[in-house]
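Below: one structure, written as structure tokens.
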2 protein chains.
Amino acid sequence: MHILTAEERSYYLDKYPIDDFFSFDIDPFLEVCKFDKGEWIFQEGSFPDTLYYMIEGKAKIYMTHKNGKVSLIEYPEAPRFMGEIELLNEARYTKGVQTVTETICFSITQSCKEKLLTDVLFLRKLCVFLGEKATKITSKYTQNQAYPLENRLAAFIQLSSDQGIYKEKHTEICEYLGVSYRHLLYVLAQFCEEKILEKKKNGYHIMNRKRLSELAQEIQ
Amino acid sequence: MHILTAEERSYYLDKYPIDDFFSFDIDPFLEVCKFDKGEWIFQEGSFPDTLYYMIEGKAKIYMTHKNGKVSLIEYPEAPRFMGEIELLNEARYTKGVQTVTETICFSITQSCKEKLLTDVLFLRKLCVFLGEKATKITSKYTQNQAYPLENRLAAFIQLSSDQGIYKEKHTEICEYLGVSYRHLLYVLAQFCEEKILEKKKNGYHIMNRKRLSELAQEIQ
DNA sequence: ACAATAATGTGAGATATCTCACATTTTTCA
DNA sequence: TGAAAAATGTGAGATATCTCACATTATTGT
């Protein structure tokens, strides 16, 4: 992570105005910083003391279980807060957050914590954000346990494919969908078998959009 | 649901003071109401216009999937908010909420919505509540997919047993743990087989607390 | 350019969990 | 108090998913 120069800073502040999140002047408490691709924003189990507002980039939120399994909990995408729960609760340790692409964040130090926690505008934004987060997580996980991978994967392919081509990293997606790598490949192979997908050099091509939709639409 | 008399109202307001949640006088906007056991507080799919703060009782939050499966998402217990997400977001439809026991709530009409959404004290409470909710749901569901029922059930029995006896309704618990009724019985039978539990008239008696702990403690 | 590392891919067998069909018991309510 | 509904219980077979061991192919760092 490194902090951007004054020039870059004002570029981003201009591009992504954030003043209306706060009723006080946030400028003195704010830095713009850049994380490299793959860099960890929060180490799992650490106690972060910075609130980030991600403005460009994508990341992954992880947690590791006692038995060694890893859950990819969320795919946070800009724009959104990170570290907000730790701001609200003292000494709450965090999940691991790792960038997927180069990522630009506004970083807000806890030196203005008091101001933040008494700011109506900010708190309301945060409430809405947290409410949506809770709703999203709930729907992801209830789906996970109500539908077999076949349906969830179909939905995920629809979401994440680009120009009719699906080419995500299996290692990531199996963690996200909560199944083993092996099983993900099984179901992908099954989709190819059924001519829903076709595996090519540059990814899996969607051959039967209709059938894929049917499978996906079993889900809410 | 019925609204309590002035006398009962002041009894509960006295017993569970709530003034310090608000920086304005909430009294004119607040009723105390009672739900019977099994009554629905929110119908699934409806658009509630009341914020509740549950002060006594227990409930269940449900959602029904397209394929007919039902997920028991949460076991809300007093004290806590309900309907807070719908307060923040216009026209958000709700999950189903049904009481498990007789339940007493403060009900706050949306006529003071503006006041609430500009009240620092209230918003901060709400943020903390929503943050905890998100954390709790995340940990429940990541565990669900990282551990077999054997471990999760052991943990759940520890939590919900009383005086060494486990006697929850299987139909509910299988929904909560996200498995089929059949499978829940299998694993309970297995626990009996292994002499961890013993099935008696009044419930499953815990016979091997140590082994149960071991199974439960695989989970974080 | 090469070694190390990560990602991908596959087979085979095990396990966790589900579906369905049906029997019994308990609870609810008209 | 009797009929209906809910809860409980069980068997048998299907399916979804996992584990492990190993081979191949990309990607990365030096």
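So that the names make sense, note that chain A is the first sequence line, chain B the second, and so on, each numbered from 1. Just so it is clear, the model here is predicted, and its values are computed rather than measured.
Regarding B/N144, its CG atom lies at a distance of 13 Å from the P atom of D/dC18, rounded to whole Å. Rounded to a whole Å, the CD atom of A/Q145 is 12 Å from the P atom of D/dT17. One can place OH of A/Y166 at 13 Å from C1' of C/dT8, the figure rounded to the nearest angstrom. Atom CZ of B/R152 is separated from atom C1' of C/dA16 by 10 Å (rounded to the nearest Å). Atoms CD (B/E168) and P (D/dA6) sit 20 Å apart, rounded to a whole Å. B/E175 has its CD atom 12 Å from the C1' atom of D/dA7, to the nearest Å. Here the C1' atom of nucleotide C/dA16 and the CD atom of B/Q190 are 10 Å apart, to the nearest Å. In this entry the distance linking NZ of A/K167 with P of D/dT27 reads 11 Å, nearest Å.
Of the possible polar contacts, none joining the B/R92 side chain to the B/P48 backbone as a donor-acceptor pair under 3.5 Å is found. Of the possible polar contacts, one joining the A/T101 side chain to the A/K58 backbone as a donor-acceptor pair under 3.5 Å is found.
Distance check: B/M54 CE to B/F106 CZ gives 13.0 Å after rounding to the nearest 0.5 Å. Separating the CG atom in B/L197 from the CD atom in B/Q190 is a distance of 11.0 Å, to the nearest 0.5 Å.
Comparing atom distances between the A/T171 side chain and each of D/dT19, C/dA7, C/dC18 picks out C/dA7 as nearest. You'll find that the side chain of A/L149 is closest to D/dT17, out of D/dC18, C/dT19, D/dT17. Closest contact between the side chain of B/K169 and the listed nucleotides D/dT8, D/dT17, C/dT19 involves D/dT8.
Salt-bridge check for B/E56 with B/K15: passed, with a basic side-chain N closer than 4.0 Å to an acidic carboxylate O.
Backbone-only contact: B/H170 has heavy atoms under 4.0 Å from sugar-phosphate atoms and none from a base.
For the pair A/K199 and A/Y166, the cation-pi test (distance below 6.0 Å, angle within 45°) is failed.
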Summarise protein proximity over nucleotides 10-15 of chain C in one line of letters, 5' to 3': B for base, S for sugar-phosphate only, - for none, counting protein heavy atoms closer than 4.0 Å. BBBB--
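OP1 or OP2 of D/dT19 has at least one side-chain nitrogen or oxygen of A/K69 nearer than 4.0 Å.
Within 6.0 Å of NZ on A/K113 lie more than 12 heavy atoms contributed by other residues, nucleotides or ligands.
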